[in-house]
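Okay, structure first, notes after.
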2 protein chains.
Amino acid sequence: MTRTSSSTETPTPGVPPARGVPEATVARLPLYLRALTALVERGVATVSSEELATSAGVNSAKLRKDLSYLGSYGTRGVGYEVDFLRHQISREIGLTQDWAVVIVGIGNLGHALANYGGFASRGFRIAALVDADPKRTGEKVAGLEVRHTDELEQLINDLDIHIGVVATPARAAQPVCDRLVAAGVTSILNFAPAIVQVPEGVDLRKVDLSTELQILAYHEQRKNGAALALTAEQAAELAEAVNG
Amino acid sequence: MTRTSSSTETPTPGVPPARGVPEATVARLPLYLRALTALVERGVATVSSEELATSAGVNSAKLRKDLSYLGSYGTRGVGYEVDFLRHQISREIGLTQDWAVVIVGIGNLGHALANYGGFASRGFRIAALVDADPKRTGEKVAGLEVRHTDELEQLINDLDIHIGVVATPARAAQPVCDRLVAAGVTSILNFAPAIVQVPEGVDLRKVDLSTELQILAYHEQRKNGAALALTAEQAAELAEAVNG
DNA sequence: GCAACTTTGTGCACGCCTTCACAAGTGTCC
DNA sequence: GGACACTTGTGAAGGCGTGCACAAAGTTGC
């Protein structure tokens, strides 16, 4: 019924097709998936949009609209069959196949990522760990041997890896991404605090720890009556700005 | 000149004031700050919006509009004075004061966060590390002694902590957040893969590692001609759906 | 002091996302 | 079998963010 993807003929040249699902919706699908998984584990069979929305932390209208982009998987008057919906979303995201992932940079963060259980349980398989430091080569992390960066291209090729996770220091991020892309990786998750450029067709997502804290700090500063947080210097500046 | 905050009288009840700077702009300020810091280190004195935008990975019009919310800190025909602008943004975000932060959950990720250099260099001071496991209590991490969760409220009070970082397992996230809030924390950065609810007035940001990967997987699945990625089962489902 | 050039700051239009509100189904109870 | 209660799916409206395009403002060279 809603397969009217013919009228939406403005594919926005620079952006990949993305069938019909808005980007904002895609970003929320993993959220729904998690909420549904929790419901399955509790043995719940059906759920209304209201309940599911609450446990996913969103508005119920938004949830229904999001799901409507995937199809009509609910039953009016009843709700959604939990297990069925979970499977549909899982398939839409592409979690029914397993994705081989390489982690580059096995420092503190790389360690944490390699050991993070949330990946394996969601269809992501850490297939290779790579570090530039020869001293780390051979070390076992999360049951996997750390390989030297020299082998990066070889590993990507042999293990058919399409997704790379970058957890290197900032200055190494761009060269590493270049090599990943050259070797055939088309999706990169970057944890390094650096802005990296990738060619068109490669998806790049960024997780920046200190950026998140800074955004919090911005709002924090504006609570409790901001005046409380002003230093003498800042107060002087403020006064100057208001009067001048 | 642009201090016409009187006409914008629709403060959106549920949302905190947020003087006049759009949320999307706030989220980019740390980006600009980083780019400016890099310029300072290279000894660059002035920079045009075009250059700064490029090195921050955004559009120059967007950069100028963003900066215009903070004030008129540029010089037409010249550009922005790097050090001055950096200071202004820093002040706007609230990085001129130092923020005491507590990290709850010293597992792999907590370790990585405690050792992450990017916090200290940006006005965030890791003031306390807390873990529920008595075996970890007393352990030294990043030069700080890990304390037991029992001491959480005491530490928050004594050290005047307003920002909490949660790196616990999923099931512990909500109780921990509740305790943080009860003890006076008003900003929380949550790394646990769980949806947590906080009362109004408390800012909550979420960093979810597997969500990011799932978003990448979604797009990855749609590259290379999605048909390639279909399993027999999925193909059958698809055929069924199309034929009805 | 004037003309040519550079770069900022912003009004405006467009598009995406969110939210409301309701018609269209579905189950239940009598 | 019909009335009622419930819930989905979606048209439409409003708000927010982006990017264009240009006026305003400053600099340089003569």
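We name chains A, B, ... by the order of the sequence lines, and we start the count at 1 in each one. Computed from heavy atoms alone, side chains included, the values below leave out hydrogens, waters and symmetry copies.
- Using a 4.5 Å heavy-atom cutoff, the side chains of D203(B) and K223(A) are in contact.
- When distances are taken from the side chain of K62(A) to each of dT18(D), dT10(C), dT18(C), the shortest belongs to dT18(C).
- Atoms CG (N59(B)) and P (dA21(D)) sit 12 Å apart, rounded to a whole Å.
- The pair E92(B)-R222(A) meets the salt-bridge criterion, with a side-chain N (NZ, NE, NH1 or NH2) lying under 4.0 Å from an Asp/Glu carboxylate O.
- The interatomic distance linking Q88(B) (CD) with dG9(C) (P) rounds to 12 Å, in whole Å.
- Shown here for I93(A) and Q214(B), the closest heavy-atom pair between the two residues is CG2-O, 3.3 Å.
- Regarding L67(A), its CG atom lies at a distance of 7 Å from the P atom of dG9(D), rounded to whole Å.
- R179(B) places no side-chain N or O within 3.5 Å of a backbone atom of P175(B) that could act as its donor or acceptor partner.
- Rounded to an integer number of Å, the gap from R64(A) CZ to dT8(D) C1' is 6 Å.
- One atom, NZ of K65(B), and another, P of dC20(D), lie 12 Å apart when rounded to the nearest Å.
- Listed by residue number, S72(B), Y73(B), G74(B), T75(B), R76(B), G77(B), V78(B), G79(B), Y80(B) are the residues of residues 72-83 of chain B with a heavy-atom contact under 4.0 Å to DNA chain C.
- At a cut-off of 3.5 Å, with distance as the only test, a side-chain donor of T25(B) or D66(B) sits close to an acceptor on the other residue.
- The nearest whole Å value for the distance from the CG atom in L70(B) to the P atom in dG9(C) is 10 Å.
- At distances below 3.5 Å, not a single donor-acceptor pair connects side-chain atoms of S90(A) with backbone N or O atoms of H87(A).
- Judged by distance alone, the side chain of Q174(B) and the main-chain N or O of Q197(B) form a donor-acceptor pair under 3.5 Å.
- Between V196(A) and V176(A) there is no side-chain heavy-atom pair separated by less than 4.5 Å.
- Taken residue by residue, residues 25-54 of chain A places heavy atoms nearer than 4.0 Å to DNA chain C at R28(A).
- Remark: P of dT18(C) and CG of D66(A) are 7 Å apart, rounded to the nearest angstrom.
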